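To find a chain, count down the sequence lines: A is the first, B the second, and so on, and within it residues start at 1. What you see is a predicted model, and the numbers here were worked out from it, not measured in a lab.
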2 protein chains.
Amino acid sequence: MSKMNNSQTRLDEILAKLRQRDFRITPQRIAILKAFIQSQNHPSIEQVYEDVKVNFPTTSLATVYKTVNLLKEIGEILEISFAGGGNRYDGNRPYSHPHLICTQCNKIIDPQVSLLDQMTAEVAKATGYRIDSHQVQFLGVCPSCQKK
Amino acid sequence: MSKMNNSQTRLDEILAKLRQRDFRITPQRIAILKAFIQSQNHPSIEQVYEDVKVNFPTTSLATVYKTVNLLKEIGEILEISFAGGGNRYDGNRPYSHPHLICTQCNKIIDPQVSLLDQMTAEVAKATGYRIDSHQVQFLGVCPSCQKK
DNA sequence: ATACATGCAAAACATTTGCATAAGA
DNA sequence: TCTTATGCAAATGTTTTGCATGTAT
């Protein structure tokens with residue numbers, strides 16, 4: 001199962017969902033979706049905009065924002081907010097999951113965190129809150145930046 | 001040890017740190033500090049501004065922002081960012097710690113999370129990152145809002 | 001007395017909105 | 001054809017900045 005096939009599958013899934021909900025498939029939306037799906041680097045709005053403009057120079061920033069909001073509403077994109085950085089987005093895994101952010105090169109990766117469910121349960125039990133989602137960010141320095 | 005004594009102690013600590021670093025103690029800074037320290041509710045900038053204006057009506061929003069930046073720089077205030085909400089601040093525990101946010105009434109509390117250190121160590125070991133801090137937010141509905 | 005802080009207004013950003021036009025269904 | 005999406009520009013909201021004045025030290 002190649003990366004390209006995964007990307008194509010994911011794109012088709014989202015397009016199907018848009019059709020199903022009577023949203024229109026436009027070249028701009030396809031280009032924006034591709035930018036999100038092909039980026040493994042949790043891009044910012046601005047990065048997606050620059051990326052889309054390469055192949056579709058007339059696209060406006062407003063359309064990128066509108067599309068991002070649409071994708072958030074249908075649950076196909078995850079917004080990552082953290083103190084000290086602008087918003088970033090994950091179009092590949094649009095459900096709550098932890099991120100590990102290098103504060104020097106701004107790279108973001110998705111670590112495996114086996115204790116997270118247990119931790120969430122602990123908090124829910126201790127406080128009586130119903131917990132719907134979480135936002136877990138670790139900030140640090142990646143191996144490559146540590147060498148510099 | 002009463003709450004008032006704790007507040008006074010915390011205020012004195014921060015004032016000492018400001019003096020030590022040759023920042024000036026102004027009535028506005030004291031009022032802003034008190035607003036942060038007395039609020040148990042992780043206030044927003046706007047809330048602090050409104051709070052300060054009650055006793056000090058000439059204070060400007062710019063001064064609140066400048067003071068917040070100063071307090072962040074000297075490490076005496078923690079900025080809490082999360083998707084779907086503006087920034088909030090914690091002037092009482094200015095070090096990384098988890099928050100539990102009610103998405104209905106916007107109340108924020110600080111739960112005990114015993115597994116967090118272990119989780120952080122797990123991530124550092126698995127990825128090779130040096131982890132300096134974390135931002136852990138749980139989003140849900142508090143017991144009181146669940147009843148409504 | 002002399003820096004530094006304040007407060008105002010303007011500027012800088014980020015994001016949203018209104019509306020005429022273009023284009024997908 | 002008919003409605004929705006786009007793109008522009010204006011509006012909104014938030015945070016920062018420049019600068020003259022006030023004030024802590």
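Taking the nucleotide of DNA chain D with the nearest heavy atom to each of B:Lys66 and A:Ser60, the more 5' of the two is matched to A:Ser60.
Taking every side-chain heavy atom of A:Ala62 into account, D:dA9 is the closest of D:dT6, D:dA9, C:dT6. Residue B:Thr67 places its side chain closer to C:dT6 than to any other of C:dT6, D:dA5, C:dT16. In the set D:dT15, C:dT6, D:dT6, C:dT6 carries the atom at the smallest distance from any side-chain atom of B:Arg29. Side-chain atoms of B:Phe23 lie closest to C:dA5 of the nucleotides C:dT17, C:dA5, C:dC8.
What separates CD1 of A:Ile32 from C1' of D:dT6 is a distance of 10 Å, to the nearest Å. The CD-P distance, from A:Glu50 to C:dA14, rounds to 12 Å in whole Å. A straight line from CG of A:Asp22 to P of D:dC2 spans 18 Å, rounded to a whole angstrom. Rounded to whole angstrom, the span from the CG atom of A:Leu61 across to the C1' atom of D:dG7 amounts to 11 Å. Distance, A:Ile25 CD1 to C:dA25 C1': 11 Å, rounded to whole Å. When rounded to the nearest whole Å, the span between CG of B:Asn87 and C1' of D:dG13 equals 13 Å. At whole-Å resolution of the value, CZ in B:Arg19 and P in C:dA5 are 14 Å apart. When rounded to the nearest whole Å, the span between CD of B:Glu73 and P of D:dT15 equals 16 Å.
Classified by interplanar angle (parallel below 30°, tilted 30° to 60°, perpendicular above 60°), the ring pair B:His42/B:His99 is perpendicular.
Between A:Ile32 and the choices A:Thr63, A:Asp51, A:Leu70, the side-chain contact (heavy atoms from CB on, under 4.5 Å) rule is met once, by A:Thr63. Partner B:Val123 forms a side-chain contact (heavy atoms from CB on, under 4.5 Å) with one of A:Val113, A:Leu115, A:Val136 and no other, that one being A:Val113.
A donor and an acceptor atom sit less than 3.5 Å apart, one in the side chain of A:Arg24 and one in the base of D:dT4.
Here B:Asn69 lies in heavy-atom contact (under 4.0 Å) with sugar-phosphate atoms only. No contact: A:Ile45 has no heavy atom under 4.0 Å from any strand.
Within a 6.0 Å radius of CD in B:Gln112, other residues, nucleotides and ligands contribute 12 heavy atoms or fewer.
Phosphate contact (OP1/OP2 of D:dG7, side-chain N/O of A:Thr58, threshold under 4.0 Å): present. Residue A:Thr26 has a polar side-chain atom (N or O) positioned under 4.0 Å from OP1 or OP2 of D:dT6. For A:Tyr65 and C:dT15, the shortest distance from a side-chain N or O to OP1 or OP2 is below 4.0 Å. Between A:Gln28 and C:dG24 there is no side-chain polar atom (N or O) within less than 4.0 angstrom of OP1 or OP2.
Salt bridge present: B:Arg130 and B:Asp132 bring a charged side-chain N and a carboxylate O closer than 4.0 Å.
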